[in-house]
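Note that the structure is predicted; figures quoted are calculated from it, not measured.
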2 protein chains.
Amino acid sequence: MRAPSKTMTLSNPSVDEANALVEKALSQKWTLILVGNCIVHYAGRAKSTLGAGERILIVKEDGAILVHRPLGYEPVNWQPSGCIIHTRKENSVLEVKAIRRKPLEHVRVTFTSIYLAAAFSLKDSAGFVLNASEEDMQRAILLKPSLLEEGFKPISYEKKVEPGFVDVYGEDEKGRLVVVEIKRKTAGKEAVLQLAKYIEAIKSKINREVRGVLAAPNLAKDAHRLLETLNLQYKTLSPTKCAETLRKDLDKKLEEFIN
Amino acid sequence: MRAPSKTMTLSNPSVDEANALVEKALSQKWTLILVGNCIVHYAGRAKSTLGAGERILIVKEDGAILVHRPLGYEPVNWQPSGCIIHTRKENSVLEVKAIRRKPLEHVRVTFTSIYLAAAFSLKDSAGFVLNASEEDMQRAILLKPSLLEEGFKPISYEKKVEPGFVDVYGEDEKGRLVVVEIKRKTAGKEAVLQLAKYIEAIKSKINREVRGVLAAPNLAKDAHRLLETLNLQYKTLSPTKCAETLRKDLDKKLEEFIN
DNA sequence: ATATGCATGTCGCAC
DNA sequence: GTGCGACGTGCATAT
């Protein structure tokens, strides 16, 4: 299926032609792509200058802009959504400028030559589903506490304990309190300290034995040492395994629902 | 200046036409842009699915890929540079797949219709200069210690003190040790705790008065309270001011060099 | 290879 | 609006 009415494309346009297309794209809130030789200036929280070179500029409907060099994952310059976009022809160059309030900053892209100017009215209402996040791990433990350890009984989650929130909070088979800190990737010293902080806070309030368990797919070596020093524990827990557990449970629930 | 030999552009191509362009772009290591209706699958550290919708796909020369929806700063799916890219026509759809080793993961973008297929040989060797980073703040303090406080004398920087590295380490006008923690944005509790950690480590080794100073453009309210509790200090320090200081010094040095 | 901390991080969520 | 932590964070750097 073609959608010619929803696209504008110019190959090797003049600055005037490109400027007209950009103005039209902005006024209609279309997504804009420019490819060409440009320089970029940014000033705001920090400040940057990028000399002349060939790059891709994307301006989205919501005022987000991205400048991509031919290499690398990250944009060299950008501005998040919510910017006000200006365009103008200045002498023989095309200038696209994004201004953001709070914090006040701006990116200015100045094109001296343009290889492609294109604009699109893109429709995208699809849902995005991500599995194996830290939240999935938390839900998996709540659903199947034996993932953490046999006999574990969750009491609450995201419980506020002054310095922050405990991921999961429960009791072990011997009735001792257990504080669980979850990390979806290798846990470092930071994670251990975070857990220790919560334990301290709880111990200072309740006169009762409290165990700390760090659940993560992996543990950094230094973190392991620190964990032992602080008398805390570690449980290997893989995010993808957790996601799997949740998926199976969902399948079961669906089956029950059908029957 | 035009550069037609370095660009290929197809508006509303058939899947076959687009596939041919993509293959050519990949084999020549050109930067590739596809705009059209697609679905996206990702599996690796996590797992995701994105239903049908209109998006922009960028494949860079170095194997980085980005899938951008019409809204927002962030790509909805991506892969950093170093991926191996495959493309193929399957029935009436175009499939572009990026595979990464370490960690092993992949993104698969399946186009059912294509509004634009374009490829470019982009040249970009310009330097990128960024000012007002945390490193700039550190260098500014070392260059002009009075930015921190009158009479401050730096001794070292990035000094290892067991749990990590002290940003700047010196003496105040009364000969007391000063440990400085720098943050380029609002400092939260985390920053305060980091500083406290260093102070503790140093105090436990040296029997001498030690002051802790948190230098940041701003201080979170809770962090302020914590700072007072721990008897630490705060000094307002703006990254842009620091960058300015460095720039002026550079100007001076250049002038001296010329004379 | 692993670990550690910065980033113009961005984003979402709770207060 | 502020604060706080997660992120498929990515990235450089030091060990």
**Q** Between K102(A) (NZ) and dG3(D) (P), how many Å, whole number?
**A**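 About 10 Å, once rounded to whole Å.
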**Q** Please give, in whole Å, the distance from dT4(C) P to D167(B) CG?
**A**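 Taking CG of D167(B) and P of dT4(C), I get 17 Å after rounding.
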**Q** Taking the minimum atom-to-atom distance to the side chain of R100(B), which one of dA3(C), dG5(D), dG8(D) wins?
**A**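 So the side chain of R100(B) is nearest to dG8(D).
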**Q** Roughly how many Å is it from OH in Y73(A) to C1' in dC7(D), rounded to a whole number?
**A**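 To the nearest whole Å, that distance equals 10 Å.
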**Q** To the nearest Å, give me how far apart CG (N77(A)) and P (dT8(C)) are.
**A**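 Distance, rounded to whole Å: 10 Å.
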**Q** State plainly whether the residues K241(A) and E244(A) are in salt-bridge range, i.e. N to O under 4.0 Å.
**A**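 The answer is no: the pair does not qualify as a salt bridge.
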**Q** Starting at the 5' end of DNA chain D, which residue's closest nucleotide do you reach first, V107(B) or K221(B)?
**A**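 Nearest-nucleotide comparison on DNA chain D picks K221(B).
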**Q** Closer than 3.5 angstrom, by distance alone: can the side chain of K60(A) be matched with the main-chain N or O of R69(B) as a donor-acceptor pair?
**A**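 A pair under 3.5 Å: yes.
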**Q** If you check the R184(A) side chain, which of dA3(C), dG8(D), dT2(C) turns out closest?
**A**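 That would be dG8(D).
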**Q** Picking from dA6(D), dT8(C), dG8(D), which would you name as closest to the side chain of Q194(A)?
**A**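 Of all the options, the side chain of Q194(A) is nearest to dA6(D).
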**Q** Identify which nucleotide among dT9(D), dG10(D), dA7(C) has an atom closest to any side-chain atom of K185(A), counting heavy atoms from C-beta outward.
**A**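 The answer is dT9(D), which lies nearest to the side chain.
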**Q** Which nucleotide, in any strand shown, forms a Watson-Crick or G-U wobble pair with dG8(D), with both distances under 3.5 Å?
**A**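 Here dG8(D) is not engaged in any pair, so there is no nucleotide opposite it.
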**Q** Separation of L193(B) atom CG from dG5(C) atom C1', in whole Å?
**A**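 It is 16 Å, rounded to the nearest whole Å.
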**Q** Return the value, rounded to whole Å, for the distance between atom CH2 of W78(B) and atom P of dG8(D).
**A**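 Answer to the nearest Å: 5 Å.
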**Q** With respect to the phosphate group of dG9(C), does any side-chain polar atom (N or O) of R45(A) fall under 4.0 Å of OP1 or OP2?
**A**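 Yes.
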**Q** Tell me: CD of E74(B) to P of dC7(D), nearest whole Å?
**A**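 After rounding, the gap between these two atoms is 12 Å.
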**Q** Does K183(A) put a side-chain nitrogen or oxygen below 4.0 Å from OP1 or OP2 of dG5(D)?
**A**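 So the side chain of K183(A) is outside the cut-off, no N or O lying under 4.0 Å from OP1 or OP2 of dG5(D).
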**Q** Could you check whether E54(B) pairs with K123(A) (Lys NZ or Arg NE/NH1/NH2 to Asp/Glu carboxylate O, under 4.0 Å)?
**A**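 Between K123(A) and E54(B) there is no salt bridge, as every charged N stays at least 4.0 Å from the carboxylate O atoms.
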**Q** Say we look at dT8(C) and dT4(C): how far apart would their P atoms be, to the nearest angstrom?
**A**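 Straight-line distance between the two P atoms is 23 Å.
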**Q** Among the nucleotides dC11(D), dC7(D), dT8(C), which one has an atom lying closest to any side-chain atom of E105(A)?
**A**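 Nearest nucleotide to the side chain: dT8(C).
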**Q** Which nucleotide in the set dG8(D), dC6(C), dC7(D) lies at the smallest distance from any side-chain heavy atom of E181(B)?
**A**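 Comparing dG8(D), dC6(C), dC7(D) against the side chain of E181(B), the answer is dC6(C).
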**Q** Which one, dA3(C), dT8(C), dA6(D), comes nearest to the side chain of A220(A)?
**A**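 Nearest listed nucleotide: dA3(C).
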**Q** Would you mind reading off the distance between N131(A) atom CG and dC7(D) atom P, rounded to a whole angstrom?
**A**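 The distance from CG of N131(A) to P of dC7(D) comes to 13 Å, rounded to the nearest Å.
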**Q** Can you see if the side chain of K189(A) gets near the phosphate of dT4(C) - specifically, an N or O under 4.0 Å from OP1 or OP2?
**A**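 Answer is yes, contact under 4.0 Å.
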**Q** With rounding to the closest Å, how many angstrom separate the C1' atoms on dG5(D) and dA7(C)?
**A**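 Comparing C1' positions in dG5(D) and dA7(C) gives a spacing of 16 Å.
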